[in-house]
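What follows is a short report on a single structure.
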Amino acid sequence: MSSRVASSRLASTSSSAAEAAAAAAAAPSSAGAAPGVTATATDDKQQQRQKQKQKQQQKKPDNSKPSGAAAELAVTPRSQDFSRWYLDVVREAQLADYGPVRGTMVIRPYGYGIWENIQGWLDGAFKKRGVENAYFPQLIPYSFLQKEADHVEGFAPELALVTRGGGKELEEPLVVRPTSETIVNHMFSQWIQSHRDLPMMVNQWANVHRWEMRTRPFVRTLEFLWQEGHTAHATPEEARETALEFVALYERFALEAAALPVVAGRKSRLESFAGANVTYTIEAMMGDKKALQAGTSHDLGDNFARAFNTRFATKEGGGGGGGGDASSASSSSPSPSASSSSPSSSSPSSSSGGSTLAFVHQTSWGVSTRMVGGVVMAHGDDAGLRLPPALAPTQLIIVPILGKKGTDPAPIFEAARKLCDALCDAGVRARVDSSEGKSPGWKFSHWEMKGVPLRLEVGPRDVAAGCCVLARRDLPRSDERSKSVGVPTEPSDAFVAGVKATLAEIQTSLLEQARAFRDENIRDVSSYEELKLAINQGLWARGWWSGSDADEERVKEETGATLRCFPFEQPAGAETNGGGGGKCLMSGGVAGEVAIFAKSY
């Protein structure tokens, strides 16, 4: 499945997917690539430029950087150059580094810790819904993609193909997994035989490859991590309800865990996933006001089921919810090569009581490591990351302040350790920074850069007085609320409860700040001229829309903005709310709903 990004379908291709595969199989290996591994989209000059750029970006920072607040100078101010700021923060916060292959990244432990917390929240929610984890092969026969015409057309420009193995030419090119609908359906066609096997719901945590030409750590890379869920149902209604259910789950995750006030809605036909009937999405506004597609859920209908002959024996006398009988369904299948020897394609046994065969209706849905990039770009400031406590690998850092020479450090470290133990026992992700040779000011800036929500400062006077200082990362230093003095150093239940309450406040604060920023930067428009002005000012444009595909393409070509979604939350006058709609900003005709346009990642 795919969490399709704005440029997932590179529309202009000079050859068909089949020609691309044949050319890849016949072409010599790219310089520096493993024998037999090719890509359908390469550009030597661009690769050379990218390598030079990577070399510059991979230069190690000067270890003589100033400590304390002056260390912020290592990060380009956000308002000065947002793109540079983002790359600086990813580097300085030790989230990721560049891999040796163009467009790849190495996720460092701190960055992976954020991803693990994303995984933990989502995996628990999936399992409550009855979804089971599985794993499917990374190498997929190219013929599998050819079975679904729209699917292969949408992904052909981004495919990486393996053409040699074991020192020999392969009989058929193998695709390095760009998404898994095809391989999943190959297996579903064997696993699903009866209505008793439905619904079938699986998820896999895996890596995928898209041969992107313009990359950015976490946001768009040649290889990235994600989860992709796949379900099969007896009726189209069940599939649609499931697709909507999981996009709603993603919206809840964004709000509750990532503190991202996303806009949930339906993609336009042009922006939907290749091979889906409809795609649902959550769109987040980044700090530079661009949109980030943070998660998608697809109603696949029976498109892949027809291509792979994924059918089931219906209940006695049933028709499978519109799937049709086996003969009529098979005759309309776009794939004559669909397997006729799979168990599901044979006639049901006599014990099925005369039931018919029908195609399953499916969904797929996913969130990827681009969510990490979204959290950085939505919440970060000039001092670095600001992580929502729900996703922060470290929620509270304790910085012992040793004081003057001759001060006994033992009581300070003992107090810090007791506080840390009490917090960890209560489920707070806390740790003590006991590193040597660095000033307290350096440590403060270091942990601010890494976005740790809370910092506890414990010094000799604090130990003597029985109280310490608690600093919040979500508020600027100039805000008097950013520091609380007189916090008891006794690891009591009240102390733990106070820390947990403050973490909850920070989680809410970041969400409220992001929501206020989003709402300030969405402009309602009633004409194409107003839309162009809003986009030119870097805003999101929201207006009534019933334009054609050609109109949508025109907006993209002339403004650089795309139709992000038709929000589920529509104005009172929308048809979904019983109203008569409005006037389309482009055509002037009647429009039943509003759409949002924006530039995006």
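FYI, side chains are in, hydrogens and waters are out, and symmetry mates aren't considered; it's all heavy atoms of this structure.
- Shown here are the side chain to side chain donor-acceptor pair (under 3.5 Å) partners of Q395, two or more places apart in sequence or in another chain: there are none.
- Y280 does not carry K267 over the face of its six-membered ring by the limits of under 6.0 Å from the centre and within 45° of the normal.
- Contact check on E457 versus R455 returns a salt bridge, with a Lys/Arg side-chain nitrogen under 4.0 Å from an Asp/Glu carboxylate oxygen.
- For the pair V496 and P491, the minimum side-chain heavy-atom distance is 4.5 Å or more.
- In this structure, W442 and H446 have parallel ring planes: the angle between them is below the 30° cut-off, well short of the 60° mark.
- Salt bridge present: R417 and D421 bring a charged side-chain N and a carboxylate O closer than 4.0 Å.
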With side chain to side chain contact (heavy atoms under 4.5 Å, CB included) as the test, would you mind laying out the steps for Y112 and Q119 before giving the verdict? CA-CA 10 Å; Y112 200 84; Q119 284 182 301; 4.3 Å; yes
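- Within a 6.0 Å sphere centred on CZ of R431, other residues, nucleotides and ligands contribute 12 heavy atoms or fewer.
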Where do M213 and R102 land on the side chain to side chain contact (heavy atoms under 4.5 Å, CB included) test, with the steps shown first? CA-CA 9 Å; M213 301 307 295; R102 182 199 67 82; 4.2 Å; yes
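- Side-chain contact between L503 and P453 is present, with at least one heavy-atom pair separated by less than 4.5 Å.
- In this structure, H230 and F136 have perpendicular ring planes: the angle between them is above 60°, well past the 30° mark.
- Comment: K127 does not engage E132 in a salt bridge, judged by the lack of any side-chain N to carboxylate O separation of less than 4.0 angstrom.
- Counted within 6.0 Å of CD on Q94, heavy atoms from surrounding residues, nucleotides or ligands total more than 12; the atom is thus considered enclosed.
- In this structure, the side chains of R473 and L387 stay at 4.5 Å or more apart for every pair of heavy atoms.
- V399 has its side chain out of reach of L456: every pair of non-hydrogen atoms, C-beta onward, lies at least 4.5 Å apart.
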Apply ring-ring contact (aromatic ring centres under 6.0 Å, His included) to F273 and W365, showing your working. CA-CA 10 Å; F273 172 68; W365 26 273; over 10 Å; no
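- For D524, the salt bridge (Lys or Arg N to Asp or Glu O under 4.0 Å) test picks out R542, with sequence neighbours left out.
- In this structure the side chain of R386 reaches within 4.5 angstrom of the side chain of D381, judged on heavy atoms.
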So T104 and E223, side-chain hydrogen bond (donor to acceptor under 3.5 Å, both in side chains) or not? Walk me through it. CA-CA 6 Å; T104 63; E223 177 188 12; over 6 Å; no
Using side chain to side chain contact (heavy atoms under 4.5 Å, CB included), reason through S509 and D474 one step at a time and then give a plain yes or no. CA-CA 7 Å; S509 169; D474 62 310; 2.9 Å; yes
So W545 and F597, ring-ring contact (aromatic ring centres under 6.0 Å, His included) or not? Walk me through it. CA-CA 10 Å; W545 182 262; F597 290 82; 5.0 Å; yes
Audit row: W540, I522, side chain to side chain contact (heavy atoms under 4.5 Å, CB included) steps and yes/no: CA-CA 5 Å; W540 286 19; I522 298 179; 4.0 Å; yes
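- Heavy-atom contacts from other residues, nucleotides or ligands closer than 6.0 Å to CZ of R240 number 12 or fewer.
- Tested against D479 for a side-chain hydrogen bond (donor to acceptor under 3.5 Å, both in side chains), the candidates K483, R481, R477 yield a single pass: R481.
- Between N133 and V202 the shortest side-chain heavy-atom distance does not fall below 4.5 Å.
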With a 3.5 Å cut-off and sequence neighbours excluded, list the donor-acceptor pairs that the side chains of residues 248-263 form with protein atoms.
from: Y250; atom 1: OH; to: Q227; atom 2: OE1; distance (Å): 2.4
from: Y250; atom 1: OH; to: G366; atom 2: N; distance (Å): 3.0

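- Remark: of the listed residues I107, V219, N207, I107 is the sole one forming a side-chain contact (heavy atoms from CB on, under 4.5 Å) with T369.
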